[in-house]
Amino acid sequence: MSKPRLRFAPSPTGYLHIGGVRTALFNWLWARKTGGTFILRIEDTDQERSTEASRAVIFESMKWLGIDWDEGPSAGGEHGPYTQMERLPLYKQKADELVAAKKAFRCYCTKAELDAQREALKAKDPKAQFKYPGTCRTRTDQPDLPYVVRFMTDRSGSVRYVDKVFGEITTPNIEQQDFVLLRSDGVPLYNFGAVVDDMMMGVTLVARGRDHMINTPPQIMLYEAFGVKPPEFAHLPMMLAPSGEKLSKRHGAVSVSEYSDTGYAPNAVLNYLARFGWSHGDQEVFSKEELTQAFSWEACGRGDGKFDAKKFLAINHEHLKTDKLMPSDEYATRTLPFLEKRGVTGTDAAALKRALYTIRDRATTFVQAAEMLDPFFREPPVMDDKAAEKFLVKDAAPRITGFRDALAKASEWTEAALEASVNAWLAESGLEMKLVGQPVRVALMGRTASPSLFQVLFVLGRETSLARLTRAAETAASR
RNA sequence: GGCCCCAUCGUCUAGCGGUUAGGACACCGGCCUCUCACGUCGGGAACAUGGGUUCAAUUCCCAUUGGGGUCACCA
C-alpha cells in the first residue's frame, strides 16, 4: 500500500484556533508516523472573510508549533497551487465535466428566489426544512444569466462509510439536496472545492473535526460521480469550552499566538492537544517524538471534551521542568525575549542558562521564568516597597551585616561553602535562619519570594551579593 | 424539529464480560522548608436511567434522558 497523504486545510479568516491546530496535529502525527505526506492547503474561497494577514498568521503559528508541511504554500509540490483561489480554472473544469455527464446542472434560480421560497415554507410550517425543489434540473436552455452549478443528487439509498474513529456511519440520501458546487462567480463552495482538491492532490485520509461529519456523505457522492475511490475519513470529537459551548475567544486564550505570547512551549501545546481526545494508557506527558511514535486513530475517543486551561498550564509546567523535554539552551533562548520585554537588557542566553537551575522547578511559563529571573539581571533589583518596609527594618540591619560578613569569610563562593559559613555564624550568634532569611532575601532580590538563598548568592556572585547586602543594611539602619 | 454523533470522578482519560473501577489536572489535609515553589505522603470524588443478552455487565443490544454537530451561492 502506498504512503498515506494527509492535509490540513484552514481558512485564513482570523487567528489559528487551538481546535484547528489539534486536527492539524493529528494529521501531521499520522503522516510522520507512517512516513506519509502532510499537505497544507489554504481554503480562501470565502472572500468576505479571508485576509492576507491571517494567511500569514497560519504560517507563522504552524512554524512556531513545529508542524511542518511537505507540500503547500512556500513548500511547493507537484499538485499545486495549494491555495484555492489560485485553482479556480480547475474547479470550473471539474464542474463542467459533471455537467457534461449529466451529474450536475446549471441552476438559474437566484438566491433571492430561493430565500423567498424558504421563507414561504417556513411561514406555512415552521418545522419544515427547505430543500432545493429541483427547478432547473431538466432545464435545457442556457439563457445569458448568472447561474450556479448544482449537483444532481440521487436522493434514494444511503451513503455508508467506515470512519476511522467513529466506525460505521450511514446517512440516508433523502437528507441531501442538489447542493451547489460552483457559485455564480465561479468560486467553489466548500464541499466541491475540498473534494476536487483532495482528489487531485491524492489525499488518502481526511481527518477533520466532527463538525464536518455532515459534509462527508455529499463528498462521497461527489467522488462516486467522478468515478474516484473516496479517501478514508477520520472525524475528531470536538473541543468545547468549559461551559460546553463552542470554544471561542470569549472563553480565554484560543489562538496559537496567545500561547506563544504567554510563554508556552510549542511541544507542550502539542502535548496537551494530543492528549485531548486521544490517550496512550496512563501516560500524560509526551515529547513530540513520543507522540508520533504512539499516535493511532484507534486510541482516539469519541466523546466531545471540554478545554481545561489549568491542565494545559500543568502540562506546560511539566515540559519546562524537564530538561529532556525542554533543553536548557532552548529554555534560555526562549526566555530571553520575555526578559527583554521587561526592560532587562545587556544579558544573554548564556548568562540566563547559568541561572536557570534556580527556577526550573518553579516557573510554569517562560513569562513567569522571566519574572523570576529578573532580579538576577537587573542592577539594582526592583525593590518591592512593601517587602522593604516589612523586612528592611532597623532591627534587621545587624543581621544583614552579620550574614554579609559570614559570606565574606567563606572559603570559596560555592553554595556549600557559603551555607557552611552562614551556619557557623548562626550557631555562634544564636540566630536562626528563619529570622535572617527574609531580610536577606529582600536585600538580595528586592522581593519576598525567590529561589533558595544560597543558589541566589551563587548565581549573583560575590561582588554583586555583597554590594546588595551592604546597601540594604544601610537602608535598614537608616529607618 | 429532521438527520448524524456522543455518554466513566468537577475536567482530560484507562477499562475492550469477572477490577477494592486505575492515572493525570483541579480540590482538601500532612510532611519537607530560609520565602515562594518543587517534591512527597494521604483524602474526598465517576460507570446517566430503564429494559434486555449472559452464570456474570462499566463493558454487548434496545429504549429513555441528557449533551453536541448540522440543515447557505460560510467553511
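In what follows, chains carry the letters A, B, and so on, assigned in the order in which the sequence lines appear, proteins first and then strands, with residues in each chain numbered from 1.
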Test: A/Arg139 cationic atom under 6.0 Å from A/Phe105 six-membered ring centre, within 45° of axis: no
Assess A/Arg106 against A/Tyr147: is NZ or CZ under 6.0 Å from the centre of the six-membered ring, and within 45 degrees of the ring's axis? yes
Quick one: the side chain of A/Thr171 and the base of B/C3, do they pair up donor-acceptor inside 3.5 Å? no
Is any side-chain N or O of A/Asn215 under 3.5 Å from a base N or O of B/A75, one able to act as donor and the other as acceptor? yes
Do other residues, nucleotides or ligands put more than 12 heavy atoms under 6.0 Å from the CZ atom of A/Phe458? no
Under 3.5 Å for both donor-acceptor distances, Watson-Crick or wobble: does [N] have a partner, and if so which one?
{"N": "B/U20", "answer": "none"}
{"N": "B/U58", "answer": "none"}
{"N": "B/A63", "answer": "B/U49"}
{"N": "B/C27", "answer": "B/G43"}
{"N": "B/C36", "answer": "none"}
{"N": "B/C3", "answer": "B/G69"}

Does [X] make a side-chain N or O approach to OP1 or OP2 of [N] shorter than 4.0 Å?
{"X": "A/Lys434", "N": "B/U35", "answer": "no"}
{"X": "A/Lys306", "N": "B/U13", "answer": "no"}
{"X": "A/Arg41", "N": "B/A75", "answer": "no"}
{"X": "A/Arg183", "N": "B/C74", "answer": "yes"}
{"X": "A/Arg302", "N": "B/G68", "answer": "no"}
{"X": "A/Arg118", "N": "B/A72", "answer": "yes"}

As a test of reading the structure: which of [options] is closest to the side chain of [X], going by heavy atoms?
{"X": "A/Ser184", "options": "B/U35, B/C12, B/C73", "answer": "B/C73"}
{"X": "A/Met238", "options": "B/U11, B/G68, B/A24", "answer": "B/G68"}
{"X": "A/Pro172", "options": "B/C12, B/C3, B/A75", "answer": "B/C3"}
{"X": "A/Phe276", "options": "B/U13, B/G2, B/C73", "answer": "B/U13"}
{"X": "A/Gln177", "options": "B/G2, B/A72, B/U35", "answer": "B/A72"}
{"X": "A/Arg362", "options": "B/C36, B/G69, B/G23", "answer": "B/C36"}
{"X": "A/Phe166", "options": "B/G68, B/C6, B/A75", "answer": "B/C6"}
{"X": "A/Ala314", "options": "B/U70, B/U35, B/A26", "answer": "B/A26"}
{"X": "A/Asp46", "options": "B/C74, B/G69, B/C5", "answer": "B/C74"}
{"X": "A/Ser452", "options": "B/C5, B/A75, B/C34", "answer": "B/C34"}

Checking all strands, does [X] fall into the base, sugar-phosphate, or nothing category for heavy-atom contacts under 4.0 angstrom?
{"X": "A/Lys131", "result": "nothing"}
{"X": "A/Ser279", "result": "sugar-phosphate"}
{"X": "A/His212", "result": "base"}
{"X": "A/Gly277", "result": "sugar-phosphate"}
{"X": "A/Pro451", "result": "base"}
{"X": "A/Thr110", "result": "base"}
{"X": "A/Thr45", "result": "sugar-phosphate"}
{"X": "A/Arg150", "result": "sugar-phosphate"}
{"X": "A/Val148", "result": "base"}
{"X": "A/Cys300", "result": "nothing"}
{"X": "A/Asp361", "result": "sugar-phosphate"}
{"X": "A/Leu453", "result": "base"}
{"X": "A/Ile169", "result": "sugar-phosphate"}
{"X": "A/Lys310", "result": "sugar-phosphate"}

For atom [atom1], what is the distance between [N] and [M], given to the nearest Å?
{"N": "B/A45", "M": "B/U11", "atom1": "P", "value": "16 Å"}
{"N": "B/G10", "M": "B/U19", "atom1": "P", "value": "23 Å"}
{"N": "B/G66", "M": "B/U8", "atom1": "C1'", "value": "15 Å"}

Between [Y] and [X], is there a salt bridge with N-O shorter than 4.0 Å?
{"X": "A/Arg360", "Y": "A/Asp323", "result": "yes"}
{"X": "A/Glu371", "Y": "A/Arg447", "result": "yes"}
{"X": "A/Glu318", "Y": "A/Lys321", "result": "yes"}

For [X] and [N], give me the distance from atom [atom1] to atom [atom2], rounded to whole Å.
{"X": "A/Tyr272", "N": "B/A26", "atom1": "OH", "atom2": "C1'", "result": "12 Å"}
{"X": "A/Gln455", "N": "B/C36", "atom1": "CD", "atom2": "C1'", "result": "13 Å"}
{"X": "A/Leu240", "N": "B/A7", "atom1": "CG", "atom2": "C1'", "result": "13 Å"}
{"X": "A/Asp211", "N": "B/G67", "atom1": "CG", "atom2": "C1'", "result": "16 Å"}
{"X": "A/Tyr357", "N": "B/A37", "atom1": "OH", "atom2": "C1'", "result": "16 Å"}

Describe, in one word, how the ring planes of A/Trp425 and A/Phe403 are oriented to each other, choosing from parallel (under 30°), tilted (30 to 60°) and perpendicular (over 60°). perpendicular
Closest contact, heavy atoms only, A/Phe454 versus A/Glu419: CE2-CA, 3.4 Å
Can you tell me if A/Thr83 and A/Arg55 form a side-chain donor-acceptor pair at under 3.5 Å? yes
Candidates A/Arg302, A/Arg210, A/His235 - the one meeting side chain to side chain donor-acceptor pair (under 3.5 Å) with A/Asp163: A/His235
Between A/Ile315 and A/Leu114, name the one whose nearest nucleotide on RNA chain B is closer to the 5' end. A/Ile315
Both A/Met372 and A/Met433 contact RNA chain B. Taking the nearest nucleotide for each, which residue is further toward the 5' end? A/Met433
